[in-house]
Number of protein chains: 4
Amino acid sequence: MPVTQNGPADARTRILDAAEALFATSGYDATSTALVARRAEVPKGLIFHYFPQKIELLVALIEERVLIEVMPEEAVEAVPGDPARTLSRVARRFPLHASPAMRRILFREADTHTSVRDRLGRLNGEVFRRARRALELALPGARGDAARLEVAAGTFAAVLLYQENLSQLTGERLDPDAVADLIARALG
Amino acid sequence: MPVTQNGPADARTRILDAAEALFATSGYDATSTALVARRAEVPKGLIFHYFPQKIELLVALIEERVLIEVMPEEAVEAVPGDPARTLSRVARRFPLHASPAMRRILFREADTHTSVRDRLGRLNGEVFRRARRALELALPGARGDAARLEVAAGTFAAVLLYQENLSQLTGERLDPDAVADLIARALG
Amino acid sequence: MPVTQNGPADARTRILDAAEALFATSGYDATSTALVARRAEVPKGLIFHYFPQKIELLVALIEERVLIEVMPEEAVEAVPGDPARTLSRVARRFPLHASPAMRRILFREADTHTSVRDRLGRLNGEVFRRARRALELALPGARGDAARLEVAAGTFAAVLLYQENLSQLTGERLDPDAVADLIARALG
Amino acid sequence: MPVTQNGPADARTRILDAAEALFATSGYDATSTALVARRAEVPKGLIFHYFPQKIELLVALIEERVLIEVMPEEAVEAVPGDPARTLSRVARRFPLHASPAMRRILFREADTHTSVRDRLGRLNGEVFRRARRALELALPGARGDAARLEVAAGTFAAVLLYQENLSQLTGERLDPDAVADLIARALG
DNA sequence: TATGAATGAGGATTCATTCAT
DNA sequence: GATGAATGAATCCTCATTCAT
């Protein structure tokens, strides 16, 4: 993993940039390494210098460009007594740091590549965990039993995770804040 | 379009069966027509007799094996005053008739193939429409303004649509009835 | 060779019509029997009923639709003392009866199919023989020795045979009457 | 465009050599790229490294191996007062530099491939132009009006262009010098 | 005669990968 | 590191031909 940062962008970076764009548009299988090379403006052979197998391109992208922030349990913040604003905060601090292209890759290739699915699973787990923890902090005591809170966290996580896919399907957006508000009412 | 249903399934059906299974497992791009032929136990050439282009296999699968029931507005039923049971009904009458394999294909290939995305979009639209209409019927009058109802319907549709994908990621199930109950509380 | 002439055009005729048009446009090799069938509006199998091998389509076309009139030596007419009008007559009574499409096929496929080349060779021979005989009749006696007459006949035959190909290349026409006049002057 | 001329001929040259021989014998359509590879003793894939589409093999052959010398108007030479020897010279300085195999390809594929037809048309134009110019120089002044000269040039060009095709048909040769002599008499 | 499903060899082309330089 | 020619298996697809009905 050389981290030299010379010139306008070193070859390895250009290769990953190209792969990211192409995998996002056409999918991993439908993208040839030759096309990646052309787009990256590097000779075909060089790709295999950095990534001896094509699949390593995908793995490297996922590992280096899909960052999932793991927040320790105790760092999760909440607005006590206000589950709506609490969930809104969770939405705003979404633990996924990735370009729109990488998000598409993440969701698309998760279906067939285990390493990608693991990443996406971890993301989902993190979102779910944060939502639940935040709700526990916002609503201490008896109000809302544990099971309902679990369902609320799961629902919110599902919406956060898939809202982008949804809006690609229909064009309509599902506003996370509005969903936060809805769920808060259910727990209130 | 032969519809004969003789003996051990005619060739065209066997081809579609094979394609369905393989596309679901490995994805459309990663599945070769030769493999489909082998699995269907037909000669390679016959595939192109029925489906002159590989993509037509996918299109035929989607068109013939992903049925989306369109329910007329007036046929949507509700349990007046009980949004929870109303949404549960919506969940139970999910308008998608498709095998688990076809569901995977539907979600996976939607990302790159327009015709598939259209189908999935239509499904989402139908679920959303039903949920909203059912809620309107369950909660007539002033209770719950229109905007909130819209959000509720959208959230429920998102959960129904993506619960399968979610449970593949984490193993945990998000029970639609529990989500129905949650949303009902928010509107109650 | 069934000669039944029922309906608007029997199947065999329609097949040959289609083959003629397609072979002329794209060449024999580049034309599939399936395309011939589609254009003839007959089922694929029927072609092989009439023409068990694809090549027989070409052979039948040449045999049935490229008619070369063989004129007996004594029937060749001339305008005594006027070789120009004599050659013009030869040009007008060109012994090839074939559609423009068939002419293209004749010239194109002669290069690779012996039976077609034979036909074209026979045509050339006939034209040459007629030109020579006509010139002999037009110029009896000593004027113009035999060798020169031979060359004149050959030149005229070449022009008649290839004028179509020439005009396809450049758009310009080489008027046979003018060439007849030219050659007549040489012999005069 | 590697021009290295090392050892036993580089791969690209061997591929073109093989294609030339095979296209000439069987025609472009009837020659498979696999056969070209076998004859060139290169792996199948290498053909597509140099010529991404099969048609580019034909185009490259025409462009690189069919050279048509364009002679400037003022360079055309004539023997003043002797059109026969003048035309003989034109025949001897035929502007086509190509192997017999390439000549066959040129004539055969002109019928279906525009780029080839263009080349052949250019050749014909050049021959015609030279013949006309040479005759103008050989016969200055009033003798022979322009129209007749045009016909003479056209006739001579036709004979030069198609004499090879003719002799393949009948075995008999049409001697260009004899035709030159004939035409000269017509103009004399 | 007519029909179109069936067959499998062969076609052009793509592709990940290797390797000598 | 860099380069692009080389490799050959695999891919999608075409095709002449057969054959049961």
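All figures in this text were calculated on a predicted structure; none of them were measured in a lab. Reminder, nothing fancy here: chain letters follow the sequence lines and each chain counts from 1.
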What is the distance from [atom1] of [X] to [atom2] of [N], rounded to the nearest Å?
X: A:Ile47; N: E:dT18; atom1: CD1; atom2: C1'; answer: 14 Å
X: B:Arg12; N: E:dT7; atom1: CZ; atom2: P; answer: 17 Å
X: C:Phe48; N: F:dT18; atom1: CZ; atom2: P; answer: 8 Å
X: A:Arg38; N: E:dT14; atom1: CZ; atom2: C1'; answer: 11 Å
X: C:Leu46; N: F:dA16; atom1: CG; atom2: P; answer: 16 Å
X: C:Leu35; N: F:dT17; atom1: CG; atom2: P; answer: 16 Å
X: C:Asp10; N: E:dA2; atom1: CG; atom2: P; answer: 9 Å
X: D:Glu56; N: E:dA12; atom1: CD; atom2: P; answer: 14 Å

* 5′-ward residue of the pair D:Asp29/B:Val42 relative to DNA chain E -> B:Val42
* **Closest-nucleotide ordering on DNA chain E, the 5'-leading residue of D:Tyr28 and A:Phe51** => D:Tyr28
* Map B:Lys44 and C:Ile55 onto DNA chain F by nearest heavy atom, then report which one ends up closer to the 5' terminus. =>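 This one resolves to B:Lys44.
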* Asked: Expressed in whole Å, how much space separates the P atoms belonging to E:dT1 and F:dT21?
  ->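 So the two P atoms sit 22 Å from each other.
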* Asked: Of the options A:Arg65, A:Arg104, A:Glu20, which is the one that meets A:Ser99 in a side-chain hydrogen bond (donor to acceptor under 3.5 Å, both in side chains)?
  -> A:Glu20
* Does the side chain of A:Asp10 pick up a donor-acceptor pair with the side chain of A:Thr13 at under 3.5 Å? ->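 Side-chain D/A pair, A:Asp10 to A:Thr13: present.
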* So which nucleotide does F:dC19 pair with, by the Watson-Crick or G-U wobble rule with both distances under 3.5 Å? ->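 For F:dC19, the partner nucleotide comes out as E:dG4, under the 3.5 Å rule.
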* Asked: Is there a Watson-Crick or G-U wobble partner for E:dT13 with both distances under 3.5 Å, and which nucleotide is it?
  -> F:dA10
* Asked: Do D:Asp111 and C:Phe107 touch side chain to side chain, with heavy atoms closer than 4.5 Å?
  ->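 Result no, sub-4.5 Å side-chain heavy-atom pair not found.
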* To do: Could you tell me whether a side-chain N or O of B:Tyr28 sits under 3.5 Å from a main-chain N or O of B:Ile105, the two making a donor and an acceptor?
  => no
Side-chain N or O of [X] less than 4.0 angstrom from OP1 or OP2 on [N]?
X: A:Lys54; N: E:dA16; value: yes
X: B:Tyr50; N: E:dG4; value: no
X: B:Thr33; N: F:dC12; value: yes
X: D:His49; N: F:dA5; value: yes
X: A:Gln53; N: E:dA16; value: no

* Ion pair check, A:Arg108 and A:Asp29, cut-off under 4.0 Å ->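 Salt bridge absent between A:Arg108 and A:Asp29.
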* Asked: Counting any heavy atom closer than 4.0 Å, what does A:Ser32 reach on the DNA or RNA strands: base, sugar-phosphate only, or nothing?
  ->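 The residue A:Ser32 makes sugar-phosphate contact but no base contact.
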